[in-house]
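Here is the structure we will look at, set down as structure tokens.
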Protein chains: 2
Amino acid sequence: MQARLDAQREALLAAAVALLSEQGYAGCSVVGVAARAGVSTGSVYRYFPGKAELVVEVFRGLVGREVQAVEQAADGPGDLIDRVVAIVETFANRALKAPRLAFALLAEPVDAPVEAERLVFRQVFQQAFARHVTEAVKAGVLPPQEAAITAAALVGAVAEVLVGPLSAGVASADTVPNLVRFTLRALGADDAAHS
Amino acid sequence: MQARLDAQREALLAAAVALLSEQGYAGCSVVGVAARAGVSTGSVYRYFPGKAELVVEVFRGLVGREVQAVEQAADGPGDLIDRVVAIVETFANRALKAPRLAFALLAEPVDAPVEAERLVFRQVFQQAFARHVTEAVKAGVLPPQEAAITAAALVGAVAEVLVGPLSAGVASADTVPNLVRFTLRALGADDAAHS
DNA sequence: GTCTATATGCAGATAGAC
DNA sequence: GTCTATCTGCATATAGAC
């Protein structure tokens with residue numbers, strides 16, 4: 001029945017996630033995913049039009065979770081600036097907990113369809129930042145600034161600072177605090193208030 | 001004689017640069033480069049062990065020029081903070097003048113050997129930032145901070161802010177000024193002094 | 001519906017004629 | 001030394017048996 005079909009589909013997606021988490025995109029070949037899921041390569045094409053669609057769906061699912069986590073954190077307690085900080089902290093801490101996967105999602109070389117998806121999600125994160133920065137500027141707790149630029153710059157900054165530790169596999173304990181201090185300065189927030 | 005051999009080698013490199021500038025890595029196949037240089041594909045292998053070596057050499061040459069330009073700008077007149085700003089401005093302005101090429105060097109998906117080279121050069125830029133930030137902190141014109149983190153974050157910020165305009169092909173006239181303002185805030189420099 | 005085996009397409013690399 | 005033509009390897013995708 002339908003449930004069984006869906007189960008196979010899910011099994012393939014789960015296998016792809018597992019391989020991605022362990023070996024990055026290299027392990028994510030059709031043959032690899034099929035083997036991991038315990039089916040033949042041919043069967044993969046019963047559930048997905050092709051490799052691109054499978055990988056993109058995996059990517060979307062994983063990054064979607066991150067987006068949710070970040071947005072939930074941004075809705076937590078604290079003032080407007082705390083919310084921006086919460087985005088940075090949540091994003092960074094989650095990434096450092098699953099380094100191989102985070103590297104794959106953030107920076108690993110991928111082919112065009114997945115890269116396109118990556119750009120989309122970077123924009124989603126930028127918008128999350130921009131929304132809160134705009135509010136904070138309006139409220140007068142941050143100096144006037146082009147929110148879109150600040151947001152893009154913060155996304156780039158967080159990603160770049162994390163890529164080193166992520167590819168090395170380990171991060172210094174104060175990477176995240178340092179990143180937060182950078183963020184506060186970049187926003188133009190008064191350091192003393194949030195140190 | 002030897003000069004003629006070297007000339008062919010240079011012609012191949014030049015062809016690769018041209019293709020990279022116009023079409024990115026897609027145009028940079030062995031067949032494409034050979035055609036552009038007016039030689040057969042087989043001949044490419046008289047001058048280079050393989051595609052990877054050719055492309056990496058092209059990449060190194062191009063990015064090396066950017067590094068030089070940035071370091072020269074950082075040695076110009078002005079105080080310590082001006083030097084960091086000069087790095088950002090020089091880098092951004094040069095990138096926006098050759099968008100397709102800059103995108104290829106900065107962000108376009110590439111295969112592993114070139115990506116490795118890209119990481120190397122991001123670190124070179126980071127070190128350029130870090131050197132000047134460290135000095136400025138010592139001199140007391142910037143607040144205490146982990147220079148390596150600030151440097152990595154700035155590299156990421158600049159790259160991310162540029163990627164949008166670069167892939168779109170056009171940038172707003174005040175992208176660079178906004179980027180400079182972000183940089184000054186992120187450094188912890190007093191805005192009033194450099195606006 | 002799932003398997004095995006094979007086809008297809010591409011890009012990098014090589015061999016042998018000239 | 002350079003060309004044309006070919007080969008190889010890989011990963012995606014398909015066909016046909018069960």
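Every chain is numbered from 1 and lettered A, B, ... according to where its sequence line falls, protein lines coming before strand lines.
- Among the atoms of the strands shown, only primed sugar atoms or phosphate atoms (P, OP1, OP2) are found under 4.0 Å from some heavy atom of B/Val39.
- In this entry the distance linking OH of B/Tyr25 with C1' of C/dC10 reads 20 Å, nearest Å.
- At least one donor-acceptor pair under 3.5 Å links the side chain of A/Gln145 to the backbone N or O of A/Leu187.
- Of all heavy-atom pairs between A/Gly24 and A/Ala104, the closest is CA-CB, 4.4 Å.
- For the pair B/Asn178 (side chain) and B/Thr175 (backbone), a donor-acceptor distance under 3.5 Å is absent.
- If you measure from atom CZ of B/Phe48 to atom C1' of D/dG1, you get 16 Å, rounded to the nearest angstrom.
- For C/dC3, one of the phosphate oxygens OP1 or OP2 lies less than 4.0 angstrom from a side-chain nitrogen or oxygen of A/Ser43.
- A close approach under 4.0 Å does not occur between any side-chain nitrogen or oxygen of B/Ser40 and OP1 or OP2 of D/dT2.
- B/Gly32 comes within 4.0 angstrom of nothing in the nucleic acid, heavy atoms only.
- With rounding to whole Å, A/Asp111 atom CG is found 12 Å from D/dA11 atom P.
- Here the nucleotide nearest the side chain of A/Val31, chosen from D/dT12, C/dG12, C/dA5, is D/dT12.
- Comparing D/dA11, D/dT2, C/dT2 against the side chain of A/Lys51 picks out D/dA11 as the nearest.
- Taking the side chain of A/Tyr45 as heavy atoms from C-beta on, and the options C/dG12, D/dT12, D/dT2, the nearest nucleotide is D/dT12.
- Judged purely by atom type and a 3.5 angstrom limit, B/Arg100 uses its side chain to pair as donor or acceptor with the backbone of B/Gln23.
- Side-chain N/O atoms of A/Tyr47 include one lying less than 4.0 angstrom from OP1 or OP2 on C/dT2.
- Between B/Arg46 and B/Glu53, the residue whose closest nucleotide on DNA chain C is further toward the 5' end is B/Glu53.
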